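Counting from 1, the numbers follow the sequence of the chain as shown. FYI, side chains are in, hydrogens and waters are out, and symmetry mates aren't considered; it's all heavy atoms of this structure. Fair warning: this is a prediction, and the values are worked out from it, not measured in the lab.
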Amino acid sequence: MGEPVHTLSLEVLTKKQRLVIAFETIKQLGWRIKFVSDAGVIAYTDNSSFSWNGEITVKLEQDTASIKCVTISNVMLDYGQSKIAVAQYMASFEKMRSAFTDEEINKLYKQYERDFVPAYEDILKPDTRPRFNVVTSYWWFLLPGKNYFITPFIVFLNILVFIIMVCAGVGVFEPETKSMIEWEPILL
């Protein structure tokens, strides 16, 4: 069963304000930041090794923030700790909304911006990388294209001649000299 995702309205905040307040809220709660991007943040609660710990994902969207907490400790049941962590985050975020001036927001944003991962490594955004396709990746040279049609034709012709030779009785790995002489006019 998936963990519930809680939403927080961010309609009146700019993108910079959203990011800075989200990051500073996590710092204020004493959690460890694992991942920072312009799409949000992933952090860990900093409890002891033998107590409950959670991974908090804050995904910043257009006018909302999606907050999710997943248990990552060895404790079998979290006894509502995930919900408590999300509630703590949401309450602290609301308190932090008015804690910064625009100048402070810009200064802090520049600090965080240095740590943003490139878009292709951002796990909070949809994956936009091209998918690996075995057929098109390894065999692209066999597919004729614009300004590239002679080579595939020659490759297919060679394969066809090889198949005909094998069907006619020529050895696959060690063809005899006599059979190669018979097929010489076709091969040239």
OH of Tyr44 to CD1 of Ile72: how many Å apart, nearest 0.5 Å?
-> 5.5 Å

Report the residues that fulfil side chain to side chain contact (heavy atoms under 4.5 Å, CB included) with Gln88, sequence neighbours left out, ordered by chain and then residue number.
-> Leu29, Trp31, Ile84

Do Arg18 and Asp63 come close enough that some side-chain heavy atom pair is under 4.5 Å?
-> yes

Shortest non-hydrogen pair, Thr71 vs Ser82, comes out as OG1-OG, 3.5 Å

Is any side-chain heavy atom of Ile56 less than 4.5 Å from a side-chain heavy atom of Ile67?
-> yes

Please tabulate, one pair per line, all N/O donor-acceptor pairs under 3.5 Å involving side-chain atoms of residues 106-117, not counting sequence neighbours.
residue : atom : partner : partner atom : Å
Asn106  : ND2  : Asp102  : O            : 3.3
Tyr112  : OH   : Glu24   : OE2          : 2.5
Tyr112  : OH   : Lys27   : NZ           : 3.3

Measure the CZ-OG distance between Arg97 and Ser92 for me, rounded to the nearest 0.5 Å.
-> 13.0 Å

Ignoring hydrogens and geometry, is there a side-chain-to-backbone donor-acceptor pair from Thr45 to Gly54 under 3.5 Å?
-> yes

Is the shortest heavy-atom distance from the side chain of Ile26 to the side chain of Val41 under 4.5 Å?
-> yes

Side chains of Lys95 and Gln28: closer than 4.5 Å at any heavy-atom pair?
-> no

Roughly how far, to the nearest 0.5 Å, is the NZ atom of Lys68 from the OG1 atom of Thr57?
-> 6.5 Å

Starting at CD of Gln17, measure out to CZ of Phe100 and round the result to the nearest 0.5 Å.
-> 11.0 Å

Taking the side chain as every heavy atom from C-beta outward, state whether Ile21 and Thr25 have any pair of such atoms under 4.5 Å apart.
-> yes

In plain terms, say whether Lys16 and Asp38 are close enough for a salt bridge, that is, a side-chain N and a carboxylate O under 4.0 Å apart.
-> no

Residue pair Met165 / Met180, side-chain heavy-atom distance below 4.5 Å | yes

Atom CD of Glu94: over 12 foreign heavy atoms under 6.0 Å | yes

Please check if Ile154 and Val161 belong to a single hydrophobic cluster, counting links between Ile, Leu, Val, Met, Phe, Trp and Tyr side chain heavy atoms closer than 4.5 Å.
-> no

With side chains defined as the heavy atoms from C-beta onward, is the minimum distance between Lys83 and Gln81 less than 4.5 Å?
-> no

If two hydrophobic side chains count as joined below 4.5 Å and joins carry through other members, does Val170 share a cluster with Phe173?
-> no

Carefully, step by step, assess Val36 and Phe23 under the rule side-chain contact (heavy atoms from CB on, under 4.5 Å).
-> CA-CA 8 Å; Val36 176; Phe23 301 152; 3.5 Å; yes

Test item: Ser66 and Val58 side chains (from C-beta on) under 4.5 Å apart, heavy atoms | no

